[in-house]
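Before any comments, here is the structure.
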Amino acid sequence: MIRAQNLTKRYADGTLALAQVSLTVGPGEMVGLLGPSGAGKTTLLRLFYGALRPSAGRLEVMGRSMDQLQPAILRRLRRQVAVIPQSHHVIPHTSVLYNVLIGGLGYLSTGRSLLTLARARYEEVMMAHRALERVGLGGELHTRAEVLSGGQQQRVAVARALVQGASLILADEPVASVDEPTAETVLDVLRELNQQGKTVVMSLHQVDFALAYCSRLLVLDGGRLLHDGSPGEIRGLEIYRSREEVGCGDR
């Protein structure tokens, strides 16, 4: 699903966010990204879905080279890549239903997309409702997104990814702004999707969750990949002790 070789990203201000990172992610894996603030976790995810281009090195996602994609090809690729962003990205003055249905727009023509948002069909509404039920928001279909809490908005973002039906799910701190029971609900949904064959890559700042939910952990620090291994192996790394929060909101 993902193959990176000596992947490097330097921002315009000179900040070196990633330095020669090499890794592969196979189909059906559930991978956690750990590291302190500024480690490069968010940058890596943004490179994976094409929001950024590499400064050097090679990156392939689902067989496509991410440094040479034409806009039309990138749009087609993103139909198979669901993104759960750190900042929710809901449209505040619209309904929860509207926000969830946006997840399916990559499969539709522009005209059909506008019609979907203006007058969703019954099966589309039911699909959105089922997705919201899975994240504990089944009763909020017609609620305006702006009145939801930050944690509820994050769950809307997860439901939107469910509706998209993508093969690859990239989640940037998906449980950073929710309480522990809600975090477990969100992570349970992601694990269920993984068990159905979806590939999941997510950054986390709580090591306990990473140990409990991920089959493989990548540890970044200073833009470099320090460790790539199983949860059992990472327990021996002193700076990533269980229950330690290792940073959130990084670049």
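- Heavy-atom minimum distance, I91 versus N99: N-OD1, 2.6 Å.
- Between the side chain of H129 and the main chain of G138, a donor-acceptor pair closer than 3.5 Å is present.
- Taking each heavy atom of S65 and E60 in turn, the nearest pair found is CA-CG, 4.2 Å.
- Taking CG of L34 as the start and CG of L211 as the end, the distance is 7.5 Å to the nearest 0.5 Å.
- The local environment of CZ in R191 is crowded, with over 12 non-hydrogen atoms from other residues, nucleotides or ligands closer than 6.0 Å.
- You'll find the side chain of R144 stays beyond 4.5 Å of the side chain of T94, heavy atoms only.
- Listed here is the closest heavy atom pair of S203 and L45: OG-CD1, 3.9 Å.
- Of all non-hydrogen atoms in S167 and M1, the two that sit nearest each other are O-CE, 3.9 Å.
- Of the possible donor and acceptor atoms, none in the side chain of Q80 sits under 3.5 Å from a partner among the backbone N and O of L77.
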Report the C-alpha separation of M202 and L187 in whole Å, then their side-chain angles, then the decisive distance to 0.1 Å, and conclude whether the side-chain contact (heavy atoms from CB on, under 4.5 Å) test is met. CA-CA 10 Å; M202 59 180 172; L187 293 173; 3.7 Å; yes

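- With K41 contributing its side chain and L220 its backbone, the two residues share no donor-acceptor pair below 3.5 Å.
- Under the 4.5 Å side-chain heavy-atom criterion for Ile, Leu, Val, Met, Phe, Trp and Tyr, L18 and L16 are members of distinct hydrophobic clusters.
- Under the 3.5 Å distance criterion, the side-chain polar atoms of K9 are matched with a main-chain donor or acceptor of R53.
- Between E180 and E184 there is a side-chain heavy-atom pair separated by less than 4.5 Å.
- You'll find the side chain of I169 stays beyond 4.5 Å of the side chain of T199, heavy atoms only.
- T182 and D179 are linked by a side-chain donor-acceptor pair at a separation below 3.5 angstrom, with hydrogens and angles left out of the test.
- Between the side chains of S55 and Y11, no donor-acceptor pair is found at a separation under 3.5 Å.
- Here R155 contributes atom CZ and S149 contributes atom OG; the two are 6.5 Å apart, rounded to the nearest 0.5 Å.
- Note that CG of L132 is 6.0 Å distant from CG of L141, once rounded to the nearest 0.5 Å.
- Without hydrogens or angle criteria, R10 side chain to T15 main chain gives no donor-acceptor distance under 3.5 Å.
- Taken from CG in L137 to CG in L148, the straight-line distance is 7.0 Å, to the nearest 0.5 Å.
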Residues L168, I2; criterion side-chain contact (heavy atoms from CB on, under 4.5 Å); working and verdict: CA-CA 9 Å; L168 173 62; I2 300 171; 4.2 Å; yes

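- Taking OG1 of T24 as the start and CZ of R3 as the end, the distance is 6.0 Å to the nearest 0.5 Å.
- Within the 4.5 Å cutoff, the side chain of D221 has heavy atoms near those of the P36 side chain.
- Using a distance-only test at 3.5 Å, with no hydrogens or angles considered, a donor-acceptor pair links the side chain of S215 to the main chain of M30.
- For CZ of R78, the number of neighbouring non-hydrogen atoms (other residues, nucleotides, ligands) closer than 6.0 Å is greater than 12.
- What you find for M66 and L47 is that their closest heavy atoms are CE-O, 4.0 Å.
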Give the intermediate values and the outcome of side-chain contact (heavy atoms from CB on, under 4.5 Å) for residues Y98 and H142. CA-CA 8 Å; Y98 185 106; H142 300 293; over 6 Å; no

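- Between the side chain of E29 and the backbone N or O of G26 there is at least one donor-acceptor pair closer than 3.5 Å.
- Grouping the Ile, Leu, Val, Met, Phe, Trp and Tyr side chains by contacts below 4.5 angstrom, directly or via other members, places V125 with V96.
- Looking only at side-chain heavy atoms (C-beta outward), V81 and F48 stay at 4.5 Å or farther from each other.
- A donor-acceptor pair is defined here as one N or O able to donate and one able to accept, closer than 3.5 Å; such a pair exists between the side chain of Q154 and the backbone of E173.
- Under the 4.5 Å side-chain heavy-atom criterion for ILVMFWY residues, a single connected hydrophobic cluster contains both L59 and I73.
- Separating the CG atom in L170 from the CZ atom in R46 is a distance of 12.5 Å, to the nearest 0.5 Å.
- For N194 and Y213, the side-chain atoms include no donor-acceptor pair closer than 3.5 Å.
- Using a 4.5 Å heavy-atom threshold, the side chains of V31 and V200 count as separate.
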Kindly indicate, with the supporting measurements, whether the criterion side-chain contact (heavy atoms from CB on, under 4.5 Å) is fulfilled by V21 and R224. CA-CA 6 Å; V21 172; R224 299 185 182 277; 5.8 Å; no

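- Looking at heavy atoms from C-beta onward, E192 lies in side-chain contact with Q196 at the 4.5 angstrom threshold.
- Between R216 and L218 the shortest side-chain heavy-atom distance falls below 4.5 Å.
- Residue R58 places its CZ atom among 12 or fewer non-hydrogen atoms of other residues, nucleotides or ligands, all under 6.0 Å distant.
- In plain terms, the two heavy atoms of K198 and G165 that are nearest each other are NZ-O, 3.6 Å.
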